[in-house]
Participant: 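I am attaching a structure below and will ask some questions about it afterwards.
A, B, ... follow the sequence lines: proteins, then strands. Residue 1 opens every chain. Note that the structure is a prediction, hence the values are computed from the model and not measured.
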Amino acid sequence: MNEVTVFIMGKGYHVPEGLTIMKAMEYAGYRLGRGCGCRGGYCGACATVYRLRGDYRLYADLACQTPVQDGMYIAQIPFTPAERPPYQLADLQPRGETLLSLFPELARCVACNTCTKACPQKLEVMDAVQAALRGDIPQVAELTFDCVSCGLCTMRCPAEISHHHVWQLARRLNGAYLTPRALHVQKRVQEVAAGVFKADLDALLSLGKDALVAAYKAREIES
Amino acid sequence: MKKLAYFPGCAMKDQARPDEAGTLHALAALGYEVAEIPRWNCCGTVHSLAKDDLMRHVGPVRNLIRVQGMGEKRVLTLCAMCYGTLKRSAQFVREEERLARINAFLDTEEDFRGGIEVVHLLTLLRDEVGYEKLASRVKRTLNGLKVATYYGCVLLRPREFAVDDPDRPEVMERVVEALGGAPVPFPERMECCGAYLTVGRSDIVTDRVGRILRSARGSGADLVVTTCPLCQFNLAERRPPVAPTLPVLYLGQVLGWAFGADEPANLFPLGGAR
Ligand code: SF4
Ligand code: SF4
Ligand code: SF4
Ligand code: SF4
Ligand code: FES
């Protein structure tokens with residue numbers, strides 16, 4: 001088994017090659033109570049920064065998605081303090097001023113692009129801040145759809161912007177006010193409420209196990 | 001058609017969209033194929049007064065790098081603030097050591113090589129189009145309408161970045177003349193409107209705007225024109241209740257109207273000028 005040497009919170013460990021940072025930490029004896037959630041790259045709990053020997057860059061990534069490399073210096077950032085002022089979506093207007101009045105620090109962006117470099121999801125984070133600055137809410141929502149709220153951009157931003165809270169507000173405004181209404185969903189909800197499917201459901205519930213399995217096997221499958 | 005890289009700035013994409021539309025119509029009529037620069041970022045609006053302000057040049061220089069990436073040598077701005085910040089940064093990085101520091105910081109972009117010229121709508125009209133050509137394209141004349149030419153401060157200050165003689169500017173007056181209007185160079189035409197105080201201290205802006213509009217009205221103007229979307233907003237939206245009801249338009253919109261753009265409803269009082 002090939003081993004690599006990594007430094008976790010400043011202490012060196014030999015760990016098997018090919019492990020993720022998260023598994024390497026567990027291999028080294030850490031029990032992760034914080035900084036670990038889905039283990040699948042979705043929850044954003046495992047934000048981690050690291051450096052490689054001989055390279056000035058500070059890298060940022062998700063521990064559950066990133067394989068260890070020899071000579072890695074690793075520190076986890078399980079939580080990013082970030083300010084989110086309270087608001088009621090129903091009281092807000094889907095306009096640029098809404099973002100700026102709740103998050104005035106947006107205007108402090110100096111376009112350094114540090115946030116983009118930090119994003120494990122490879123989002124164009126600076127472009128999203130710029131879109132927020134000019135009030136383009138649909139563009140913010142689009143650019144940040146895959147944000148996992150890991151907070152790494154926020155931790156690195158010299159303008160101290162709480163990015164993921166801005167994104168969340170933009171997506172909420174976009175969903176609530178700017179995207180077309182899903183009329184088919186409303187119609188179906190009304191049908192459910194009116195009991196259109198009740199007879200079918202009752203029939204299904206009254207089947208025995210074998211009949212249910214047979215019905216399942218014979219179901220229509222979308223191709 | 002002549003290609004022209006264009007930096008819109010935030011205002012033109014938000015509350016000043018009608019200004020942009022009129023201006024782009026006018027530029028097309030003058031033979032320009034305007035190309036918006038890709039993935040531009042805010043110019044930063046106000047330049048830093050700190051001596052060590054390298055960080056504040058990062059944003060503007062990134063925009064200049066995008067212009068370079070388009071293979072263009074110059075970039076047009078329609079906003080006094082954008083003009084000021086981009087022009088200063090283009091100047092700032094003429095010193096090799098500063099250019100090297102900015103390039104080292106911007107390690108995800110191609111190196112900036114310098115040599116991008118920043119032009120404002122007014123300098124373009126004066127230095128490249130020329131007043132005669134402007135006059136020859138007019139489809140609807142301003143017909144002697146008295147137009148107060150409001151420069152505001154940033155277009156003319158500081159001296160090294162001024163679009164014209166900072167004490168006796170005339171470029172806007174000459175443009176108005178070319179369109180058939182009668183320019184009114186009123187006393188307060190170079191006073192600051194209060195700019196971004198409009199966000200936090202709109203009372204100061206309202207006070208200044210009242211003075212500016214009274215001065216324009218006192219000089220007999222029927223209309224005020226500006227070449228900055230922020231000035232336009234302040235003069236039109238932050239006026240005190242007792243101020244003269246003078247309309248305030250962005251110059252590019254007046255140009256577009258004169259060159260035959262579909263007349264937007266809010267172009268009063270030009271409708272009556274025909
Ligand atoms: S945008 Fe910021 S919070 Fe969202 S995934 Fe990227 S780095 Fe994490
Ligand atoms: S890190 Fe902050 S200041 Fe820099 S580009 Fe991103 S949002 Fe702007
Ligand atoms: S001034 Fe800014 S770039 Fe320079 S060392 Fe401090 S934080 Fe880093
Ligand atoms: S001056 Fe205004 S409008 Fe021009 S880009 Fe800069 S902030 Fe945005
Ligand atoms: S643990 Fe959820 S993203 Fe890594």
Participant: For A/Ser101, is it the side chain, the backbone, both, or neither that has a heavy atom closer than 4.5 Å to a heavy atom of chain B?
Facilitator: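 Neither the backbone nor the side chain of A/Ser101 comes within 4.5 Å of chain B.
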Participant: Side chains of B/Thr108 and A/Thr116, heavy atoms from C-beta outward: is any pair under 4.5 Å?
Facilitator: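 SC-SC contact between B/Thr108 and A/Thr116 ruled out.
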Participant: Would you please test B/Asp14 and A/Arg95 for salt bridge (charged side-chain N to carboxylate O under 4.0 Å, His left out) and show each step?
Facilitator: CA-CA 9 Å; B/Asp14 201 357; A/Arg95 288 210 304 256; over 6 Å; no
Participant: Taking atom CG of A/Leu100 and atom SG of B/Cys10, what is their separation to the nearest 0.5 Å?
Facilitator: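 Between atom CG of A/Leu100 and atom SG of B/Cys10 there are 9.0 Å.
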Participant: Where the side chain of A/Gln130 meets the backbone of B/Trp40, is there a donor-acceptor pair that is under 3.5 Å apart?
Facilitator: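 No, because the side chain of A/Gln130 does not come within donor-acceptor range (under 3.5 Å) of the backbone of B/Trp40.
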Participant: Between B/Arg56 and A/Val110, is there a side-chain heavy-atom distance shorter than 4.5 Å?
Facilitator: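 The answer is yes; the side chains approach within 4.5 Å.
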Participant: Taking atom NZ of A/Lys23 as the centre, does the number of heavy atoms from other residues, nucleotides or ligands within less than 6.0 Å exceed 12?
Facilitator: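 No, NZ of A/Lys23 has 12 or fewer neighbouring heavy atoms, counting only those of other groups under 6.0 Å.
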Participant: Distance-only, no hydrogens or angles: does the B/Arg62 side chain make a donor-acceptor pair with backbone N or O of A/Ala111 under 3.5 Å?
Facilitator: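 Pair found, side chain donor or acceptor close to backbone of A/Ala111.
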Participant: If you count every heavy atom of other residues, nucleotides or ligands that lies below 6.0 Å from A/Tyr42 atom OH, does the total exceed 12?
Facilitator: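 No, not enclosed.
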Participant: Does B/Gln91 have more than 12 heavy atoms from other residues, nucleotides or ligands lying within 6.0 Å of its CD?
Facilitator: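 Enclosed: over 12 neighbouring heavy atoms sit under 6.0 Å from CD of B/Gln91.
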Participant: Is atom CD of B/Glu96 surrounded by more than 12 heavy atoms (other residues, nucleotides or ligands) closer than 6.0 Å?
Facilitator: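 No, CD of B/Glu96 has 12 or fewer neighbouring heavy atoms, counting only those of other groups under 6.0 Å.
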Participant: Salt bridge (charged side-chain N to carboxylate O under 4.0 Å, His left out), that's the test. Do B/Arg39 and A/Asp127 meet it? Break it down for me.
Facilitator: CA-CA 7 Å; B/Arg39 296 185 56 210; A/Asp127 289 7; 2.6 Å; yes
Participant: Among residues 57-91 of chain A, which residues come closer than 4.5 Å to chain B, judged by heavy atom distances?
Facilitator: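 A/Arg57 fall under the 4.5 Å cut-off.
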Participant: Is there any residue in residues 146-160 of chain A with a non-hydrogen atom under 4.5 Å from a non-hydrogen atom of chain B, and which ones are they?
Facilitator: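 Checking residues 146-160 of chain A against chain B gives no residue, so none.
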Participant: Quick one: CZ on B/Phe105 to CG on A/Asn113, what's the gap to the nearest 0.5 Å?
Facilitator: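 One finds 8.5 Å between CZ of B/Phe105 and CG of A/Asn113.
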Participant: Below 4.5 Å, heavy-atom pairs only: which of A/Cys109, A/Ala107, A/Cys112 has the largest tally toward chain B?
Facilitator: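 Between A/Cys109, A/Ala107, A/Cys112, the count favours A/Cys112.
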